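Order of the sequence lines sets the chain letters (A, B, ...), proteins ahead of strands, with each chain counted from 1. Quick caveat: nothing in here was measured; it's all calculated off a predicted structure.
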Number of protein chains: 2
Amino acid sequence: MYTPGQVAEETGFSIDTLRYYERIGLLERVERNSAGQRRFSEEDVGWLGMVRCLRDTGMPIAEMLRFAALVRDGEETIGDRITLLEAHDQEVEEQIALLRERQTAIRRKIQYYRDVLALRAEVDSDPPLPEPASHKTSEEHASH
Amino acid sequence: MYTPGQVAEETGFSIDTLRYYERIGLLERVERNSAGQRRFSEEDVGWLGMVRCLRDTGMPIAEMLRFAALVRDGEETIGDRITLLEAHDQEVEEQIALLRERQTAIRRKIQYYRDVLALRAEVDSDPPLPEPASHKTSEEHASH
DNA sequence: GGTTGACCTGGAGTGCACTCCAGGTGACAT
DNA sequence: ATGTCACCTGGAGTGCACTCCAGGTCAACC
């Protein structure tokens, strides 16, 4: 049995968020002690671990609620749970791929800036080089 | 010169979003034709490509505005731009690492569900196996 | 017996990033 | 002339996921 503070500590959700999750039904009615304070079970904490995974991977709350409903409805929904999680896994895969792609572009940009600096340093240290006619370098972001 | 519709098409930002970006200064005052309609330059579109990278990798608008300000302030800010982008690149790296980690946990869960199904199929086909005393498998999510 | 400190409730407020709307303009096709 | 289409403006509204608040309850320590 864990106090709200302990669970907040362990799961990284704030106490307010835990209450919020209970209110909207993402967390099943948590037990209380005699004073009406929440006492989270091991199972609650385990479920919150799952919620954390799903949330950190961008699953909207509405879908987590659907998943929670499946879990509540017992073993006969395991097939559906697999389907749901696999679809989500696929989305995570795509998220990562997009991130990597964008990251590559950002790194190219960084390299571009580095090149500009290097070039400037070179020009500053050398006496003016013989330069081809036109100028006006039209700056960067024709990026691709 | 591109019409708003074309830019929306190319960059994936809605026309409303383009207007919004201009309003808040993320996009510099876009040129207009005689009728007051926007005509985006090649440079605008290039910049929007950068904005897309940053946005897709989770950079908040406030920070994109800081970056935009650096770009506006000319070449002497290139060092700062590199610093900013490198910090962001680092964050993207961490994002991806977290995503991968959570994904692994989700996949473990999927596998767990698969095992449950497999086990059930086995039990259903065989006659009841000799089973140790206690029951009530306390269900899943003590995940790890 | 008084003061922390951790918790409770219902409900209101926040921040972010858009998104929508009403009412209007100008260019072009039928 | 009459649509209709793509665009314009300022401002209001939306959706999501929290986060905060006022006022209150217990238990425990000084």
Side-chain angles (χ1 to χ4, degrees), chain A residues 1-41 44-45 47-68 88 91 95 98 102, chain B residues 1-41 44-45 47-48 50-68 88 91 95 98-99 102:
Chain A
M1 286 293 145
Y2 302 83
T3 66
Q6 287 168 337
V7 176
E9 173 81 13
E10 265 185 58
T11 64
F13 292 120
S14 76
I15 293 184
D16 267 323
T17 299
L18 293 173
R19 282 199 280 253
Y20 168 67
Y21 283 170
E22 188 179 347
R23 244 189 281 184
I24 64 172
L26 186 53
L27 197 49
E28 225 157 336
R29 205 86 203 122
V30 176
E31 281 185 58
R32 307 308 178 97
N33 68 3
S34 59
Q37 297 187 334
R38 286 172 183 79
R39 291 302 117 121
F40 294 80
S41 69
D44 290 331
V45 174
W47 169 245
L48 284 168
M50 189 70 206
V51 170
R52 175 141 290 285
C53 280
L54 298 177
R55 205 208 73 158
D56 283 354
T57 49
M59 183 182 284
I61 283 183
E63 198 173 348
M64 290 199 272
L65 285 174
R66 293 204 297 116
F67 184 64
H88 184 60
E91 277 164 36
Q95 249 186 91
L98 181 67
R102 299 309 193 211
Chain B
M1 287 292 143
Y2 302 83
T3 66
Q6 287 168 338
V7 175
E9 172 81 13
E10 264 185 58
T11 64
F13 293 118
S14 76
I15 294 185
D16 266 322
T17 298
L18 293 173
R19 283 199 279 254
Y20 168 66
Y21 283 171
E22 187 178 348
R23 246 190 277 185
I24 64 172
L26 186 54
L27 198 50
E28 224 157 339
R29 205 87 204 120
V30 175
E31 281 185 58
R32 309 306 178 98
N33 69 3
S34 58
Q37 297 187 334
R38 286 171 183 79
R39 289 303 117 118
F40 293 81
S41 68
D44 290 330
V45 174
W47 168 246
L48 284 168
M50 188 70 205
V51 170
R52 174 141 292 285
C53 280
L54 298 177
R55 205 209 72 158
D56 283 353
T57 50
M59 182 182 285
I61 283 184
E63 198 173 347
M64 290 200 271
L65 285 174
R66 293 204 299 116
F67 184 66
H88 184 59
E91 277 163 36
Q95 248 186 92
L98 181 67
L99 241 31
R102 300 309 193 210

With Phe13(B), which of Tyr21(B), Phe40(B), Trp47(B) fulfils ring pair (Phe, Tyr, Trp, His ring centres under 6.0 Å)?
Tyr21(B)
Spacing of Glu31(B) atom CD and Arg38(B) atom CZ [to the nearest 0.5 Å]:
12.5 Å
Rounded to the nearest Å, what distance is computed from the CG atom of residue Asp16(A) to the C1' atom of nucleotide dG13(C)?
12 Å
Is Thr17(A) near enough to dA17(D) that one of its side-chain N or O atoms lies under 4.0 angstrom from OP1 or OP2?
no
Rounded distance (Å) that lies between atom C1' of dC8(C) and atom CD of Glu31(A)
17 Å
Rounded interatomic separation in angstrom, taking CG from Leu65(A) and C1' from dG15(D)
15 Å
Value for CZ (Arg32(B)) from CD (Gln37(B)), rounded to nearest 0.5 Å, stands at 9.5 Å
Does the side chain of Ser34(B) get closer than 4.0 angstrom to OP1 or OP2 of dG26(C) through an N or O atom?
no
Residue met sooner reading DNA chain D from 5', once Arg19(A) and Ala35(A) are mapped to nucleotides:
Arg19(A)
Less than 3.5 Å apart, which donor and acceptor atoms pair up between the side chains of residues 57-66 of chain B and the rest of the protein, not counting sequence neighbours?
from, atom 1, to, atom 2, distance (Å)
Thr57(B), OG1, Cys53(B), O, 2.7
Thr57(B), OG1, Leu54(B), O, 2.9
Thr57(B), OG1, His88(B), NE2, 2.7

If you compare every side-chain N and O of Arg38(B) against the phosphate oxygens of dT9(D) (OP1, OP2), does one of them come in below 4.0 Å?
yes
Just the rounded figure in Å: distance from P of dA6(D) to CG of Leu18(B).
16 Å
Rounding to a whole Å, what distance do you find between Arg39(A):CZ and dC26(D):C1'?
11 Å
When you measure from every atom of DNA chain C, which of residues 20-29 of chain B have a heavy atom less than 4.0 Å away?
Tyr20(B), Tyr21(B)
Between C1' on dA27(C) and CG on Asn33(B), what's the gap in Å once rounded to a whole number?
10 Å
Show your working on side-chain contact (heavy atoms from CB on, under 4.5 Å) between Arg39(B) and Thr3(B) and close with a plain yes or no.
CA-CA 5 Å; Arg39(B) 289 303 117 118; Thr3(B) 66; 3.9 Å; yes
With a cut-off of less than 4.0 Å, is there a side-chain N or O of Thr3(A) near OP1 or OP2 of dC7(C)?
yes
Heavy-atom nearest nucleotide on DNA chain C taken for Gln37(A) and for Ser14(B); more 5' hit belongs to Gln37(A)
Taking everything shown except Gln6(B) itself, do over 12 heavy atoms lie less than 6.0 Å from its CD?
yes
Taking for each residue the nucleotide of DNA chain C with the nearest heavy atom, is it Pro60(B) or Ile15(A) whose nucleotide lies nearer the 5' end?
Ile15(A)
Below the 4.0 Å mark, does dC26(D) have OP1 or OP2 next to a side-chain nitrogen or oxygen of Arg32(A)?
no
Could you state the CZ-P distance from Arg55(B) to dA17(C), rounded to the nearest angstrom?
10 Å
